[in-house]
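Reckoned from all heavy atoms, side chains included, excluding hydrogens, waters and symmetry mates. The model shown is predicted, which means the values in this text are computed figures rather than measured ones.
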Amino acid sequence: MSQPPSPARRSVLRGALAASAAVTVPTALGVAPAFARSGRPASSWGVQAGDVTAHSGLIWARSDRPARMIVETAATESFRDPRRWHGPLIGPGTDLTGTTRLHGLPAGEQIHYRVLLADPDDPRRTGEPVTGTFRTTPAGRRRGVRFLWSGDLAGQGWGINPDLGGYRIYDAMARLDPDFFLCSGDSIYADGPISATAALPDGSVWRNVTTEEKSKVAETLAEYRGNFRYNLLDDNLRRFNAQVPSIVQWDDHEVRNNWYPGEVIADSVTAYREKHLDVLAARARRAFSEYFPISTLPPGDPNGRVYRVMRHGPLLDVFVLDMRTYRDANSPGTQATDPVGILGAEQLAWLKRELARSRAVWKVIAADMPLGLVVPDTTEGRPNFEAVAQGDPGRPLGRELQIAELLRYVKHRRITGTVWLTADVHHTSAQHYQPSRAAFTDFEPFWEFVSGPLNAGAFPASALDGTFGPERVFVKAPTASNVSPAEGYQFFGEVDIDGGSGELTVRLREQDGAVLFTQVLQPGRVGQ
C-alpha cells in the first residue's frame with residue numbers, strides 16, 4: 001500500500017488520554033482565558049470517531065456529569081486556527097454519552113480533533129481536552145485503502161487481564177495505522193458475567209478487572225450500559241479508539257446468546273428474570289446506540305438501524321449487515337420456503353439495490369455471521385441452527401434460500417468485486433465458494449474470510465456445509481473449546497487495496513500482528 005503511516009497520527013496514541021498543555025480551554029469555548037475550575041466535567045473514557053466519509057464523521061465522548069460537548073478540529077496537532085463544533089448537552093438520558101457530527105471536512109486529509117466538556121451553567125468551568133485523529137475518505141484512489149476487522153470482545157468470562165496487559169491486540173492493530181476498523185459484532189458479552197479469577201488448564205490463575213454490572217447477565221438498561229463501559233476501562237482500546245475510526249455492527253451477545261426476535265427464555269433459566277428477548281433487545285439496542293458513533297442509529301430514534309453502506313472513495317464500499325434484528329426464529333432450517341430468512345425481506349431488497357448501485361471497485365459485505373460454516377444453536381437444548389448453514393449439503397433450504405437469491409442476483413446483475421468478511425465463530429479461516437463443488441450452482445465464485453476473537457474464548461473450526469461449495473483454504477483454531485486468550489488464538493484480519501492496480505490483499509493475523517495467511521484478489525470479476 002502506497003500510504004505511509006502518519007507520524008502525527010501515531011503521536012495521538014501518546015497523548016489521547018492526557019490533557020494538552022498547549023491548549024487554553026476557555027479560549028476554545030469563546031470566553032476570556034481562565035484556569036479550569038474544580039468540579040469541572042471530565043472524560044476518562046476516551047474518544048471515538050465513527051462512520052467517517054469524505055466530508056463528515058461522528059465524534060463520541062462520555063462525561064462524568066451533565067456537560068456541553070464541544071469539538072474542535074484542525075489540520076495539525078497544534079490546533080492552530082481550529083474549527084469549533086457545538087455538540088449536544090450530555091445528560092443521564094444517554095448515560096452521559098454524546099455524539100457530535102462533523103461536516104464539510106476536506107477529503108483525504110488527516111483530521112485532528114479534541115473534545116472539550118463544559119459545565120452547562122458556566123462555560124468557563126471546563127474539563128481537560130481529550131484528543132483524537134482520523135483520515136477522511138479520499139476523493140481519488142491513488143492512496144489506496146487499508147482497514148482491519150475482527151469481533152468478539154470479553155467473551156466466555158475472559159475480560160481485561162492486567163497480568164497480560166489487557167486487550168493487547170488493539171496495540172498490534174494500531175501499529176498498522178488503518179483507515180478504519182470494522183467491528184463485526186459481539187462488541188460486548190452482555191450474557192457473560194466476568195468473575196475476578198478463573199482457573200487455567202496449567203494450574204495458573206487468570207485475573208479479571210471486575211465491575212458490578214459485569215457480575216451478572218445484563219437485563220436492565222443500566223446493566224447493558226455497564227457492559228459497554230467495561231471494555232472502555234482498557235487503556236489499549238481507548239488509545240486505539242483515539243487513533244482509528246470505527247464501523248460497528250452487532251450480533252447476538254450484545255443482547256443474549258443466539259437470540260432472535262420474539263424469543264421467550266424458558267422459565268427454567270433462572271439467571272434471567274426478564275424472559276422476553278424483545279424487551280432485552282430494546283434495552284441493549286439503546287445502550288449500543290449510546291456507546292458507538294453510528295450514523296444510522298442515533299440514540300432514541302425508533303427508525304434507526306444498524307445496516308448501512310459506508311463508501312470509502314472509488315475503491316471500496318462496505319455493506320454493513322444486521323443478521324440479527326430481522327431474522328426468523330432459529331430452527332432446523334429444513335423449510336422449503338423462507339421469506340424472512342436471516343436478513344428480512346426489506347434488508348435483502350436494500351442490499352440488492354445498493355450492490356447494483358455501487359460503482360466501487362470492491363464491495364465488502366460485512367456479515368456478522370458466516371455463510372457456509374455450521375453454527376448450531378443448542379441454547380436450552382434446542383437442536384436448531386444459528387447462522388445460515390444447517391449441515392445439509394443439498395439444495396438450499398431455510399435461510400440458505402435467501403442467500404441463494406442474493407448470490408444469484410450478484411451473478412445475473414454482473415456485480416463485480418464482492419468479498420464477504422465475518423467473525424462470530426472464534427477462529428480464523430478463509431473459505432472459497434465454487435459452483436462446481438456446490439449443490440446450488442447459479443452463482444459466481446467468491447471468498448469469505450473469518451477472523452476473531454479479539455479477547456474471548458477460542459473454539460475449534462466449524463464444520464462446512466456443501467450447499468454453496470465452500471473449500472476451507474486456511475484455518476487456525478484450537479482443538480479444545482473455550483481456550484483462553486492466555487494461550488493465544490486471538491485474531492484480526494487486514495484488507496489492503498492498492499490504489500494503482502486495484503488488487504485487494506487479505507491478511508489473517510494473530511494477536512501480535514504476525515501474518516498467518518495471505519490472499520490476493522484481482523479486481524473486475526463478477527463475484528470474486
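- Other residues, nucleotides and ligands contribute only 12 or fewer heavy atoms inside 6.0 Å of the CZ atom of Arg101.
- Leu373 has its side chain out of reach of Thr422: every pair of non-hydrogen atoms, C-beta onward, lies at least 4.5 Å apart.
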*Given Asp317 and Arg359, is the salt bridge (Lys or Arg N to Asp or Glu O under 4.0 Å) satisfied, shown in steps?*
CA-CA 8 Å; Asp317 283 348; Arg359 296 298 175 262; over 6 Å; no
Show the atom names and distances, to 0.1 Å, of all donor-acceptor pairs under 3.5 Å that link a side chain in residues 479-487 to residues at least two apart or in another chain.
{"unit_1": "Asn482", "atom_1": "OD1", "unit_2": "Trp158", "atom_2": "NE1", "d": "2.8"}
{"unit_1": "Ser484", "atom_1": "OG", "unit_2": "Ala486", "atom_2": "N", "d": "3.1"}

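- For the ring pair (Phe, Tyr, Trp, His ring centres under 6.0 Å) with Phe292, the qualifying choice from Trp60, Phe181, Phe228, Trp250 is Phe228, the only one to do so.
- The pair Asp95-Arg62 meets the salt-bridge criterion, since a charged nitrogen lies less than 4.0 angstrom from a carboxylate oxygen.
- Separation of the Trp447 and Phe449 ring centroids falls under the 6.0 Å cut-off.
- Inter-residue side-chain proximity for Val115 and Pro129 is flagged as unmet; no heavy-atom pair is nearer than 4.5 Å.
- Gln390 contributes atom CD, which lies 6.5 Å from atom CZ of Phe385 (distance to the nearest 0.5 angstrom).
- Comment: Arg146 does not engage Asp179 in a salt bridge, judged by the lack of any side-chain N to carboxylate O separation of less than 4.0 angstrom.
- A distance of 7.0 Å separates CG in Asp51 from OG in Ser246, rounded to the nearest 0.5 Å.
- Under the rule for a salt bridge (charged side-chain N to carboxylate O under 4.0 Å, His left out), Asp512 has no partner lying at least two apart in sequence or in another chain.
- Residues meeting the salt bridge (charged side-chain N to carboxylate O under 4.0 Å, His left out) test with Arg256, sequence neighbours left out: Glu263, Glu380.
- A ring-centre distance under 6.0 Å is not found for Phe134 and His112.
- Thr133 and Gln110 form a side-chain donor-acceptor contact under 3.5 Å, judged by distance and modelled atom types alone.
- Rounding to the nearest 0.5 angstrom, the gap separating the CD atom in Gln511 from the CD atom in Gln490 is 5.5 Å.
- Between Val388 and Met323 there is a side-chain heavy-atom pair separated by less than 4.5 Å.
- Listed by first and then second residue, the side chain to side chain donor-acceptor pair (under 3.5 Å) pairs involving residues 360-376 amount to none (not counting sequence neighbours).
- Every residue meeting the side-chain hydrogen bond (donor to acceptor under 3.5 Å, both in side chains) condition with Arg327, not counting sequence neighbours, appears here in chain and number order: Asn330, Glu386.
- No donor-acceptor contact under 3.5 angstrom links the side chains of Thr505 and Asp496, judged on distance only.
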*Does the pair Arg311 and Glu354 meet the rule for a salt bridge (Lys or Arg N to Asp or Glu O under 4.0 Å), with working shown?*
CA-CA 11 Å; Arg311 307 192 188 280; Glu354 293 297 332; 2.8 Å; yes
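- The shortest heavy-atom contact between Tyr113 and Asn241 is OH-O, 4.3 Å.
- Residues Asn455 and Gly159 share a closest heavy-atom pair of ND2-O, 3.3 Å.
- Of all heavy-atom pairs spanning Leu407 and Phe443, the tightest one is CB-CB, 3.7 Å.
- Rounding to the nearest 0.5 Å places OG of Ser44 at 7.0 Å from CZ of Arg238.
- Looking only at side-chain heavy atoms (C-beta outward), Val450 and Phe491 stay at 4.5 Å or farther from each other.
- Thr100 places none of its side-chain heavy atoms less than 4.5 Å from the side chain of Pro293.
- The side chain to side chain donor-acceptor pair (under 3.5 Å) pairs that include a residue from residues 513-524 are Glu503-Gln522, where partners are two or more places apart or lie in different chains.
- Taking all atoms of both residues into account, the shortest heavy-atom contact from Pro453 to Ile169 is O-CD1, 4.4 Å.
- Residues satisfying the side-chain hydrogen bond (donor to acceptor under 3.5 Å, both in side chains) criterion with Ser215, sequence neighbours excluded, are absent altogether.
- Using a 4.5 Å heavy-atom threshold, the side chains of Pro445 and His432 count as touching.
- You'll find the side chain of Phe474 reaches within 4.5 Å of the side chain of Lys476, heavy atoms only.
- Summarising the geometry, atom CH2 belonging to Trp206 is positioned 4.5 Å from atom CG belonging to Asn161; distances are rounded to the nearest 0.5 Å.
- Within the structure, salt bridge (Lys or Arg N to Asp or Glu O under 4.0 Å) pairs that include any residue of residues 463-475 comprise Arg437-Glu471 (at least two apart or interchain).
- Between the side chains of Trp259 and Asn257, not a single donor N or O lies within less than 3.5 Å of an accepting N or O.
- Phe288 places a side-chain heavy atom less than 4.5 Å from the side chain of Ile294.
- Ring to ring, Phe468 and Tyr433 are not that close: their centroids are 6.0 angstrom or more apart.
- In the model, Glu254 has a side-chain atom that pairs as donor or acceptor with a side-chain atom of Ser187 under 3.5 Å.
- Separating the CD atom in Glu109 from the NE2 atom in His55 is a distance of 11.0 Å, to the nearest 0.5 Å.
- Listed here is the closest heavy atom pair of Asp152 and Asp424: OD2-N, 3.3 Å.
- Applying the salt bridge (Lys or Arg N to Asp or Glu O under 4.0 Å) rule to pairs touching residues 287-296 yields Arg225-Glu290, Arg286-Glu290, sequence neighbours excluded.
- Not counting sequence neighbours, the partners of Tyr307 by the ring-ring contact (aromatic ring centres under 6.0 Å, His included) test are Tyr326, Trp350.
- Listed by chain and residue number, Leu153, Tyr167, Met173, Asn236, Leu237, Phe240, Leu454 satisfy the side chain to side chain contact (heavy atoms under 4.5 Å, CB included) test with Tyr170 (two or more places apart in sequence, or in another chain).
- Listed by first then second residue, pairs satisfying salt bridge (Lys or Arg N to Asp or Glu O under 4.0 Å) with a partner in residues 200-213 read Asp163-Arg207, Glu213-Arg229, not counting sequence neighbours.
- A salt bridge is defined here as a Lys NZ or Arg NE, NH1 or NH2 lying under 4.0 Å from an Asp or Glu carboxylate O, and Asp171 with Arg168 fails to meet this definition.
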